[in-house]
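All values reported here derive from a predicted model rather than from experimental measurement. For ligands, and for the atoms within them, numbers begin at 1 and follow the listed sequence.
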Amino acid sequence: MSVGTALPHESAALHVSGEALFVDDRRALEGELHLAVGGSPVAHGRLRAVDLSAVRAAPGVRAVLTAEDIPGRNDCGPIVEDDPILAAEALRFVGQPVFAVVADSQRLARQAARLAKFDIVELPAILDARSAHERGEFVLPPQVIRRGDTESVLRNAARRYSGRLWVGGQEHFYLEGQITVAAPGEDGQMEVWCSTQHPSEMQRLIAAALGRDAGQIRVETRRMGGGFGGKESQSAQFACLAAIAADALGCPVKCRLDRDDDMRLTGKRHAVEYDYEVGCDSDGRIQALQLRMLFDAGHSADLSGPVATRALCHVDNAYFLPAVDLKAHSCRTHKVSNTAFRGFGGPQGAFAIEYILDDIARDRGVDALDLRKAHFYSDGAQTTPYGQPVEAPLIGRIVEELEQSSDYRARRAAIDAFNRDSPVLRRGLALTPVKFGISFNVVHFNQAGALVQIYLDGSVRVNHGGTEMGQGLHTKIGQLVADELGIGLERLRVTATDTGKIPNTSATAASTGSDLNGMAALRAAHTLRRRLADFVAAREGIDAALLEFADGRVCGGGFDAPFEQVVRQAYGHRVQLWSDGFYATPDLHWDRERLQGHPFYYFAWGAAVSEVAIDTLTGEYRILRADLLHDAGRSLNPAIDIGQIEGGFVQGAGWLTREELHWNERGELLTHAPSTYKIPAVSDTPADFRVRLFDADNHRPTVMRSKAVGEPPLLLGFSVFFALRDAIASVGGGRVSPPLDAPATPEAVLRAVEACRGGTG
Ligand code: MTE
Ligand code: LUZ
Ligand code: MOS
């Protein structure tokens, strides 16, 4: 059996040797040209004219395309049609693509793109969500979740707190940037190789842009060098451009953004402004919460609607909140359109309640962990603010175990003692829990298909609708199918995602990749196994149920033969040796108007304790130790899952600490390269890093009782932020809540330390 064992990633050796083929590694096709975009010099304006003569005359330029050259629909929005592929008149962010240059090399294309002369009427730009909200500028209507009479509970609460808070956005920083190669074929057909989490949507949008049938477009994705949500919708603009250019010129075209363009031209995690009012009893137990979140959506809707929904559905995190009034606005700003990013709004929602509990605990003088525990969902009858019962709440057990294994109480006391005698260095500790809803919050996306093919030598190819972005999806699916057929992994290949094989796929997103595609692939493999077993049983006159498929053999009831022999014989008797499989998650329903229902099949749980040290003179800090305990159900592959947990934690901590996006007053992104945008380095990971899986089967009949693990661990990174806040608070004697927005960069930490010193927390 390979399921449940800690096997390396299916491409690990190829990744390390450099042999794994990414889109840019493909050998250039005959006559392949390169595309670069030229875009708006202003954040907001009206384009009167653009003089492209110098661009056209530049060396190596083969063509320059504008909105008028798009044969079909000029739009690449995933849900709302408000995302022009090339802007025609309205300019809505700095860099917004206005034209595409196709040239002999990428360098020549980029150089030529700079030679355009724009004639623009510049208009005032809105660059933050609060200003957009004040002016009533939204990309979508507001969304609200309500339970109970929040107003009156607040009015009568023993204690009331109110505040404002801000968390910044986050650049995906996938190592491989956006890239597509499009090659025209016969009869209006187009072959596309694209680094995308959503090949089917690329197919649909390219077809619309070209005015063709989806059936004329084939999109293939072997692997991405990371996606993190940034290639769910936002690979589309560049895929469409490559296809439009390839179609116009009749030759293959590659569009590869260089890092600066990728960072300037693609959306990020939404920054959020929060205003809250909370009422609790004298012990600090929350009775009612009123929260307004202002999402910086950027210039268009993109995925902001479902992101805001997921945020609203995660404000409760692991806590039962009796009365809530939660509102989310998707605010229109003159910036790049923000998008999916690991957690998909969930982290932004849950961060608010963690911050509020952190404040209440400090004010009441109780340990934050005790206050958190007092709010945990504890029995399956409690419902979330959106009406879903919280079945099998594991958080109490996980936190109990982690509290022991991390030695939380003793370290708490030791850190407090350390801080009393330490004038410059201060330590901080925090334990934060995670509950994350698994399923797309759009019900019909929760479906998947797979195709398993057995060849006459007994080797197998598996194809499914999910995409590989480093998360190990193909590894897990290979394990599932190999085990079902009883063959070794070396006999099986999971092949590139291909819209010509499995149609109408969902994005590989919402952490559902293995839940959905794993089940579909398992069903396909199961059909094949049953056919082979029935064939052997009929021929040998034995009961099919006695036959086992293991170690490359089929045996039982006195029969024993190699798998490939059974396959050959079955072929000789005209048994079909390939099968599809389909899965749709059961028991989901969702009322999109009222934001009530059962949007998630189940919840994934986890908790983390982080310990940090800060230098109160410089604001610099280190993560000294982190203990993570995370629920991946019965893990399909503990090595892959632990990798996901480590990576999610570090990425979440990076978001809340190091990673700072900065736009100037003209709306230009200044942090568009690794020199100025700091993702976590090895030195930013915990010196002592202890990651464990919580041992419990999924109570739902998911694939082998596993749980999705891609996104939830990002929220474990919260513990780093709150440990920093704990360390800072010690400067003010521990009862003053440091004013600290995220990201808690060293500068922000230093400012907060100074505020605590001055008693202005
Ligand atoms: N892990 C790696 N290495 N690279 C990625 O791009 N994306 C994350 C997560 N883990 C990502 C990753 C995101 S945003 C999601 S939704 C899931 O993987 C998607 O894959 P899954 O559904 O198969 O877990
Ligand atoms: N919902 C969700 C979505 O929960 N996660 C996603 O990634 C997503 N993507 C598109 C639409 N809804
Ligand atoms: Mo992940 S943000 O759902 O791609």
Item checked: Main-chain N/O of Phe436 paired to Trp605 side chain as donor or acceptor, under 3.5 Å -> no
Margin query: When you compare ligand 1 with Gln471, is there at least one nitrogen or oxygen pair between them that comes in under 3.5 angstrom?
Written below: yes
Check: Going by the atom numbers of ligand 3, which of them fall below 4.0 Å from some non-hydrogen atom of Glu711?
Finding: 1 (Mo), 2 (S), 3 (O)
Check: Hey, is Ala510 touching ligand 2 through its side chain, its backbone, both or neither, going by heavy atoms under 4.0 Å?
Finding: both
Notebook entry, point to check: So, His270 versus Ser304: side-chain donor-acceptor pair below 3.5 Å or not?
Noted result: yes
Next item on the list: Check the side chains of Asp515 and Thr702 for a donor-acceptor pair under 3.5 angstrom, ignoring hydrogens and angles.
Entry: no
Checklist line | Per atom 11 (C) of ligand 2, closest listed option by heavy atom (Phe440, Phe445, Phe341) | finding: Phe445
Item checked: Numbered atoms of ligand 3 (with element) below 4.0 Å of Gly229, judged on heavy atoms -> 2 (S), 4 (O)
Next item on the list: Report the part of Arg342 in contact with ligand 3, treating N, CA, C, O as backbone and CB onward as side chain, heavy atoms under 4.0 Å; options are side chain, backbone, both, neither.
Entry: backbone
Margin query: With respect to Ala509, determine whether any N or O atom, backbone or side chain, lies less than 3.5 Å from an N or O atom of ligand 1.
Written below: no
Notebook entry, point to check: Can you name the closest pair of heavy atoms from Ala521 and Ile477 and give their distance?
Noted result: CB-CG2, 3.8 Å
Note to self: Under a 3.5 Å cutoff, is there a donor and acceptor pairing between the side chains of Tyr677 and Gln170?
What the structure shows: no
Next item on the list: Please report which non-hydrogen protein atom sits nearest to atom 12 (N) of ligand 2, along with the residue it belongs to and the distance in Å to one decimal place.
Entry: Pro306 CB, 3.5 Å
Item checked: Residue and atom name of the nearest protein heavy atom (relative to atom 15 (C) of ligand 1), distance in Å to one decimal -> Glu711 CG, 3.9 Å
Check: Short list, please: which atoms of ligand 1 are under 4.0 Å from a heavy atom of Arg342?
Finding: 8 (C), 9 (C), 10 (N), 14 (S)
Notebook entry, point to check: Are any of the N/O atoms in Phe341 less than 3.5 Å from those in ligand 1?
Noted result: no
Next item on the list: Report, in ascending order of atom number, the atoms of ligand 2 lying under 4.0 Å from any heavy atom of Ala509.
Entry: 7 (O)
Checklist line | Close aromatic pair by centroid cut-off 6.0 Å: Phe228 and Phe173 | finding: no
Check: Judged by modelled atom types alone, do His9 and His474 share a side-chain donor-acceptor pair under 3.5 Å?
Finding: no
Item checked: Winner among Ala340, Gly710, Ser511 once heavy atoms are compared against atom 16 (S) of ligand 1 -> Ser511
Next item on the list: Select the closest option to atom 1 (N) of ligand 2 among Asn441, Ile79, Ile438, Asp302, judged by heavy-atom distance.
Entry: Asn441
Check: Between the side chain of Glu171 and the main-chain N/O of Ile679, is any donor-acceptor distance below 3.5 Å?
Finding: no
Notebook entry, point to check: When you measure from the side chain of Arg461 to the backbone N and O of Val452, does any donor-acceptor pair fall under 3.5 Å?
Noted result: no
Item checked: Numbering as shown, the atoms of ligand 2 that approach Glu232 to under 4.0 Å (heavy-atom distance) -> 6 (C), 7 (O), 8 (C), 9 (N), 10 (C)
Checklist line | Gly226, any N or O under 3.5 Å of ligand 1 N or O | finding: no
Checklist line | For ligand 2, the portion of Val442 having any non-hydrogen atom under 4.0 Å away | finding: side chain
Checklist line | Aromatic ring proximity Phe600/His314, centre distance under 6.0 Å | finding: yes
